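Right, one structure below, let's go through it.
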Amino acid sequence: MLNTTDILETINMIQNDNLDVRTITMGISLLDCADADIDKSCEKVYNKIYRLAKDLVKTGEFIEKKYGIPIVNKRISVTPIAMLVAASGGDPVKYAKTLDRVAKDVGVNFIGGYSALVQKGFSAGDIELIESIPRALAETDFVCSSINVGSTKAGINMDAVKLMGQVVRETAELTKERQCIGAAKLVVFCNAPEDNPFMAGAFHGPGEPDCVLNVGVSGPGVVRAVLAKMPKDATLNEIADTIKKTAFKITRMGQLVGSEASKMLGVPFGIIDLSLAPTPAVGDSVAHILEEIGLEQVGGPGTTAALAMLNDAVKKGGVMASSAVGGLSGAFIPVTEDAGMIDAARNGVLTIEKLEAMTAVCSVGLDMIVIPGESTPETISAIIADEAAIGMVNSKTTAVRVIPAIGLKEGEELEFGGLLGSGPIMKVNMKSPSVMINRGGRIPAPLQSLKN
């Protein structure tokens, strides 16, 4: 039986509180596209992706009209391309251009998987792909890249961390005429999930099926609106319970969309990633949720505790609503994509050090943070190492997506537009970590990795 009140409530969430399905992402395995000839491999890649994803956008648009539910993005994730480079050799950028071409031809807005998994060391194809990332992201429009440099089981590959500091910097330099946009499409992970539907970190893990449909649901505006109606003397227990019930409702909507799209495309339904992913739109901010809980402004004392409660309540509500919750699931804190975070960063209330503390309890990590153009590769590597250490020790996913603003200084701004938003260049501690970074080697896995 359909409950009229629930239907009207959902309509209100969509119309007034920015409730949406942030993405339906089709994961496609390219393992059967490997070939000793890179041109033949690229041809196989194009043909397989086009065959499976040609109706993805059309299906999403049909479901939007049928149910009145906005589906903001339609995306594709693929097998880490370094695995294909291992078989074919040659210039990996050929694969990037193939991915970009097929993304344009099927009409998706991003394609992820220009990736390598190097948490325990480099295998064939990994270094070649990593070194090609700056060119690949500079010469394409829709390709996203991610590198996993650490895990709780393996420790942190500090040789990869050092290399990624250089790659992030070079990627920003090659795209400096476009607001350093290349670095905004590059993520460095620890404990990267294989089924994440969100960009720029999505890739189709080796353990995933041949093709699968994953859904990313978002609703920070909904949670904020519900909390705004609660009395100021409501206890934190009551607030957590309200968030949990709201997350349940949001997840049920995602389950409906995912099941319907899966059936129409003839592709297995994978997971729902219930992540409160903000946008620059007014009223669609995770920071504003934390302020409704009782902070004067995000970044002040109490921020980490409020975020921990929010993240936990979101996960509890989502898990009760679906048996297929996965990906990252929780709360994102990307600075340039969140109106409240942008304001707090401009005011100097939100600092990188506070953001790092918040990443210990949120879904991802230091995300979409603009840093001064003078930041050295070693400084970027050290930021990556710090964040990877939080993920490794706490057995959670962490990531770094920082954008060196080439030629600009602290206090100036970059403007990306769209979902990527805009943001101020944040202060970075410039004390040199170069001796540590240049040591290389590997930070061993922590004791808690021994769980067998």
Side-chain angles (χ1 to χ4, degrees), residues 29-31 34 36 38 78-93 95-96 112-134 136 144-171 186-194 196 200-208 365 377-378 380-401 433-452:
S29 172
L30 301 181
L31 293 176
I38 190 170
V78 299
T79 302
I81 292 297
M83 295 181 177
L84 301 188
V85 178
S88 68
D91 182 4
V93 176
Y95 285 111
Y114 199 75
S115 307
L117 310 177
V118 296
Q119 58 267 25
K120 208 167 184 177
F122 302 104
S123 60
D126 290 337
I127 290 181
E128 291 86 347
L129 181 127
I130 291 172
E131 291 179 341
S132 75
I133 288 172
C144 292
S145 179
S146 58
I147 305 296
N148 193 66
V149 298
S151 72
T152 301
K153 292 294 279 184
I156 303 172
N157 179 352
M158 290 300 292
D159 292 322
V161 169
K162 176 183 177 181
L163 185 54
M164 287 312 299
Q166 299 165 1
V167 166
V168 169
R169 170 83 196 192
E170 186 182 347
T171 302
L186 172 59
V187 187
V188 187
F189 275 113
C190 178
N191 289 322
E194 296 191 354
N196 165 30
F203 64 90
H204 188 70
E208 293 287 295
E378 290 82 8
I380 298 169
S381 293
I383 292 171
I384 293 168
D386 283 344
E387 199 56 38
I390 291 173
M392 175 184 72
V393 171
N394 290 291
S395 302
K396 71 182 292 295
T397 301
T398 51
V400 172
R401 183 164 47 149
S434 60
V435 173
M436 175 187 172
I437 296 303
N438 287 321
R439 289 182 186 276
R442 190 153 57 94
I443 294 178
L447 187 61
Q448 53 266 46
S449 68
L450 300 176
K451 291 184 177 179
N452 290 338

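Just so we're clear, the structure is a prediction, and the values are computed from it rather than from any experiment.
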Value rounded to 0.5 Å, distance of CE in Met164 from CD1 in Ile133 | 4.5 Å

Does the side chain of Glu194 reach to within under 4.5 Å of the side chain of Pro206, using non-hydrogen atoms?
-> yes

Begin with the C-alpha distance, continue with both residues' side-chain angles, and end with the deciding distance and a verdict on side chain to side chain contact (heavy atoms under 4.5 Å, CB included) for Leu129 and Ile147.
-> CA-CA 10 Å; Leu129 181 127; Ile147 305 296; 4.1 Å; yes

Taking all non-hydrogen atoms of both residues, which atom of Ala399 and which atom of Val187 are closest, and how far apart?
-> CB-CG1, 3.5 Å

At their closest point, which heavy atom of Ala445 faces which heavy atom of Ala154, and how far apart are they?
-> CB-C, 3.9 Å

Between Asp159 (side chain) and Gly440 (backbone), is there a donor-acceptor pair under 3.5 Å?
-> no

Do Pro134 and Val167 come close enough that some side-chain heavy atom pair is under 4.5 Å?
-> yes

State, to 0.1 Å, how close Gly155 and Met392 come at their nearest heavy-atom pair, and which atoms those are.
-> CA-SD, 3.6 Å

Say whether, by atom type as modelled, one donor and one acceptor occur between the side chain of Ser145 and the main chain of Tyr114 under 3.5 angstrom.
-> yes

Flag if over 12 foreign heavy atoms under 6.0 Å of CG, Leu447 | no

For Ser381, enumerate each residue passing the side-chain hydrogen bond (donor to acceptor under 3.5 Å, both in side chains) test, keeping only those at least two apart in sequence or located in another chain.
-> none

For Thr398 and Glu387, indicate whether the former's side chain and the latter's backbone hold a donor-acceptor pair under 3.5 Å.
-> yes

Residue pair Arg442 / Ile156: nearest heavy atoms and the distance that separates them | CG-O, 3.1 Å

Evaluate the criterion side chain to side chain contact (heavy atoms under 4.5 Å, CB included) for residue pair Thr152 and Lys451; output intermediate values, then yes/no.
-> CA-CA 11 Å; Thr152 301; Lys451 291 184 177 179; 5.8 Å; no

Side-chain atoms of residues 116-123: list all donor-acceptor pairs with protein atoms under 3.5 Å, sequence neighbours left out, distances to 0.1 Å.
from   : atom 1 : to     : atom 2 : distance (Å)
Gln119 : OE1    : Asn148 : ND2    : 3.1
Ser123 : OG     : Asp126 : OD2    : 2.9

Are side-chain heavy atoms of Val393 and Gln448 found at a separation under 4.5 Å?
-> yes

Going by atom types only, do Asn438 and Lys162 share a side-chain donor-acceptor pair under 3.5 Å?
-> yes

Nearest heavy-atom approach of Ser146 to Phe203 is OG-CD2, 3.8 Å

Interatomic distance, CD1@Ile437 vs CD@Gln166, rounded to 0.5 Å, equals 10.5 Å

Show every donor-acceptor pair shorter than 3.5 Å between a side-chain atom in residues 80-89 and any protein atom, with sequence neighbours excluded, or say none if there are none.
from  : atom 1 : to    : atom 2 : distance (Å)
Ser88 : OG     : Leu84 : O      : 3.2
Ser88 : OG     : Tyr95 : OH     : 2.9

Shortest non-hydrogen contact from Gly391 to Cys190?
-> C-SG, 4.0 Å

